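Input: a single structure, listed below in structure tokens.
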Amino acid sequence: MSRLLKDLNKDQLEAVTTTEGPLLVVAGAGSGKTRVLTRRLAYILYERLAQPHQLLAVTFTNKAASEMKERVNSLLGGEIPSLSVSTFHSFCARFLRREGGVLGYDTNYTIFDESDSETLAKNCIKELNLAGSQFSPRAQLRKISTAKNKLVGAEDYAKRASGYFEKTTAQIYSLYQERLRRCNAMDFDDLLFNSVLLLGSDAEIGDRYRERFKYILVDEYQDTNHVQYLLLKSLLGRHNNICVVGDEDQSIYGWRGADIRNILEFEKDFPGARIIKLEQNYRSTPIILDAASGVIRNNEARKAKKLWTDREGGDKLQLLLVDSADEEAVAVVDFIQREQDSCGLKEIAVLYRTNAQSRPFEEHLRRENIPYQIVGGIAFYQRKEIKDLLAYLKLIVNVKDDISFQRIINYPKRGIGTRSLDNILSLAHSRGISGYELLLKIDDYPELSAKTRRIKPFIELIEKYRQEKESVPIDLLAQDLVEDVRFLEELRREDEIVAQTKIENIEAFIEGMAEYAEHNGEASLENYLADISLFTDIDTYSEIEDKLTMMTLHSAKGLEFDTVFIVGLEEGLFPLARAISEPMELEEERRLFYVGATRAKRKLYLASATSRYRFGEVESIPSRFIKEIPEALLERHERRTQRRFDHESGTYQTTGFFPAGRTRAPKATGVHYDYEDSELMRVGRIVQHPTFGRGKITSVEGYGESLTLEIVFTGVGKKKIMVKYARLKIVG
DNA sequence: CCGAGCCTTGTTTTT
DNA sequence: CAAGGCTCGG
């Protein structure tokens with residue numbers, strides 16, 4: 001007991017022990033929020049105020065959820081099995097898997113990710129003969145999502161729609177929902193939407209859950225949207241014990257429907273609510289805090305609050321002013337090398353506004369042999385080869401999933417082109433069944449061509465695995481499937497060079513399945529697919545390895561590092577161009593900066609370039625956020641010269657100095673060029689290859705490690721060569 | 001039906 | 001600048 005309340009300041013202690021009634025904990029950045037959350041859960045359990053299954057804790061990411069569970073376990077000295085800590089989405093997914101039958105969904109429903117949704121939306125738009133018009137799938141999905149986040153269903157939307165555009169969107173929305181249902185699938189928003197619907201419409205189910213959850217705990221409350229708010233309301237029963245934790249200054253998901261009013265109006269929404277503010281910061285130096293609050297101060301939509309620390313001193317913010325994105329990377333990597341000795345790489349992070357900015361950093365880090373990990377970007381499960389394999393698995397689990405069906409019916413090629421596919425699908429849909437269900441009874445449909453009938457082996461294959469899935473462990477099933485489909489052979493056939501990486505990905509994927517099977521009692525294919533569809537890259541991020549971390553500012557929420565680099569601080573990029581004219585969006589960008597800055601414990605670097613390629617060369621000016629930082633807190637470093645590549649000597653000429661007198665030694669003029677010198681590998685160059693001899697570069701693709709050249713070798717012909725593997729010498 | 005190559009288009013963050 | 005769509009030739 002004393003251990004649970006030890007080392008807490010007065011406010012933290014109060015937040016931990018105020019268990020009854022609605023409670024809002026306003027937790028400033030670095031104020032010990034995680035500690036309060038975990039102690040509070042442990043305290044409730046230790047004091048036997050509730051059984052583990054009567055607690056519901058909701059976090060923002062799966063990673064945060066499992067960390068919280070772990071910490072509670074260790075505070076109480078043992079594994080608490082039925083403690084429910086999860087994200088909103090995974091809570092809802094599980095809830096609907098159990099209870100969703102009431103809404104007419106099968107328990108094996110599929111969760112569509114964004115690209116599945118987009119394919120479906122595209123199909124719908126085509127079906128309504130709106131293809132190629134101003135109704136792009138993405139924009140329409142955006143609108144549909146916004147509506148769902150406000151609990152506006154397709155029918156309600158149609159009722160309210162006025163004018164051609166809204167009415168057309170209403171049509172698309174309604175068809176999209178119809179198709180989802182026919183696929184026995186839900187998109188991300190449906191998980192929340194349907195849960196709220198079900199809790200509201202079915203009194204028995206609603207009461208059962210309201211009775212069950214004696215204590216509800218919500219983290220990152222500032223980033224909840226209206227549907228999430230309604231979900232909490234419909235889960236909160238007579239116990240009335242809800243504790244939400246958040247900080248309006250860190251609300252950065254407005255574009256996803258997050259409603260900052262949820263936190264600002266908590267007292268109104270939950271009468272009798274108490275408010276506890278955690279304002280002492282234990283993370284950052286006062287200089288970093290002053291800089292962060294200098295910026296956030298410019299926002300109107302916030303409650304004034306004073307984050308303070310009793311720490312002293314600290315280094316000024318280091319502002320790196322450079323000429324280009326490439327120079328930015330050089331400068332940042334240079335400083336990383338200095339900092340890594342004092343804190344280690346795993347305590348350093350490079351944060352950027354958009355994923356696309358990672359590229360130059362990757363190149364230069366590789367060049368300097370600095371290990372790094374990127375969080376986000378193209379998520380593992382979004383890779384084409386993984387999505388293809390997943391589509392097989394999804395179809396095996398849910399034969400109504402036309403989107404997966406569509407994806408794999410002709411992959412690998414089975415002679416079913418768009419024509420045949422259209423025939424199958426439109427016939428199926430006229431019969432009210434899915435494409436695959438139709439094929440199961442293909443003999444009943446003489447109108448299908450003989451060509452289409454060649455699909456039978458595919459049906460037999462899927463049927464075989466549908467039989468097996470109950471008895472065969474998931475990883476073995478996937479392994480068999482990959483062999484049956486001749487998946488790896490197909491990858492090699494497509495492109496021998498790229499195949500290697502893809503095959504490794506497939507192997508890693510199957511390994512992941514094996515691991516999942518090992519750690520989960522009921523490792524059914526259904527559960528596995530449901531779990532990974534809600535998994536994101538940040539969930540697999542681990543601080544254990546000694547690597548530098550790079551990610552977007554959004555992904556960095558909730559994390560902390562000794563040294564942080566915020567890069568790309570330019571008008572148009574951060575803040576983004578479209579936010580500049582929208583006061584609300586601009587404030588969100590500013591909060592995003594605030595989140596980024598307050599990740600740093602000891603040292604904060606900012607970088608800004610005067611020109612950056614963003615579809616064509618664009619001059620850019622330093623971000624307004626830099627000007628909002630008190631000048632006295634900044635130390636400037638300028639690097640105003642371009643490194644130029646000298647074609648005569650084959651070296652870089654660096655006339656500038658950065659920082660203060662240190663020159664990057666130009667690379668020696670060499671005979672052997674390793675793959676890092678991507679600039680040297682240009683079309684027209686003559687190269688020497690150990691086995692193919694001399695050849696001329698005819699095209700260049702990729703960069704860094706995936707830099708691939710097309711070379712025409714004398715007497716050998718055209719070859720695609722991955723520079724990483726080939727020891728190429730430039731000879732002319 | 002399939003593949004290559006040209007053209008257009010869109011361009012942020014993520015459960 | 002990149003990816004996806006579309007057209008054309010096989």
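What you are looking at is a predicted structure, and each value in this text was computed from that prediction instead of being measured.
Put simply, A:Thr552 has a side-chain N or O that comes within less than 4.0 Å of OP1 or OP2 on B:dT14. Distances shown here put a side-chain N or O of A:Ser555 below 4.0 Å from the OP1 or OP2 atom of B:dT14. A:Arg359 has a side-chain polar atom (N or O) that falls below the 4.0 Å cut-off from OP1 or OP2 of C:dA2.
In this structure, A:Glu588 reaches neither bases nor backbone, as no heavy-atom distance under 4.0 Å exists between it and the strands shown. Among the heavy atoms of the strands, none lies under 4.0 Å from A:Phe88.
In plain terms, the two heavy atoms of A:Lys150 and A:Val227 that are nearest each other are N-CG2, 4.0 Å. When all heavy atoms are compared, the tightest approach of A:Asp223 to A:Gln228 is O-OE1, 3.9 Å.
Taking only distance into account, the side chain of A:Trp255 meets the base of B:dT13 through a donor-acceptor pair shorter than 3.5 Å. Contact annotation: side chain of A:Arg256 to base of B:dT13, donor-acceptor pair absent below 3.5 Å.
One can place CG of A:Leu592 at 14 Å from P of B:dT12, the figure rounded to the nearest angstrom. Atoms CD1 (A:Ile252) and C1' (B:dT13) sit 8 Å apart, rounded to a whole Å. Between A:Leu576 atom CG and B:dT13 atom C1' there is a gap of 8 Å when expressed in whole angstrom units. Across the protein-nucleic acid pair, A:Ile532 atom CD1 and B:dT14 atom P stand 19 Å apart, rounded to whole Å.
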Enumerate all atom pairs, one protein N or O and one N or O from nucleotides 3-6 of chain C, separated by less than 3.5 Å.
from	atom 1	to	atom 2	distance (Å)
C:dG5	OP1	A:Lys122	NZ	3.0

Polar-atom pairs under 3.5 Å, protein N or O versus N or O of nucleotides 1-4 of chain B: list them with distances, or write none.
from	atom 1	to	atom 2	distance (Å)
B:dC1	OP1	A:Gly417	N	3.2
B:dC1	OP1	A:Ser420	OG	2.6
B:dC2	OP1	A:Gly415	N	3.4
B:dC2	OP2	A:Asn410	ND2	3.3
B:dG3	OP2	A:Lys413	NZ	3.4

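Annotation: cation-pi pair A:Lys557/A:Tyr253 absent, no NZ/CZ under 6.0 Å from the ring centroid and within 45° of its normal.
Two residues, A:Phe188 and A:Arg578, neighbour DNA chain B, and the one matched to the more 5' nucleotide by heavy-atom proximity is A:Arg578. The 5' end of DNA chain B is approached more closely, in terms of each residue's nearest nucleotide, by A:Arg138 than by the other of A:Arg138 and A:Asp189.
Between A:Tyr352 and A:Phe565, the distance separating the two ring centers is not shorter than 6.0 angstrom.
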- Query: After noting the C-alpha distance and the side-chain angles of A:Tyr594 and A:Asn299, does the key distance pass the side chain to side chain donor-acceptor pair (under 3.5 Å) rule?
  - Reply: CA-CA 11 Å; A:Tyr594 179 79; A:Asn299 272 5; over 6 Å; no

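Two residues are said to be in side-chain contact when any heavy atoms from C-beta on lie closer than 4.5 Å; A:Leu56 and A:Tyr209 fail this criterion. Looking at heavy atoms from C-beta onward, A:Phe405 lies in side-chain contact with A:Leu421 at the 4.5 angstrom threshold.
Between the C1' atoms of B:dT13 and C:dG4, the separation comes to 22 Å (whole Å).
With rounding to the nearest 0.5 Å, the separation of CG in A:Asp401 from CG in A:Asn184 is 9.0 Å.
With sequence neighbours excluded, the residues forming a side-chain contact (heavy atoms from CB on, under 4.5 Å) with A:Phe193 are A:Lys148, A:Leu151, A:Leu197, listed by chain and number.
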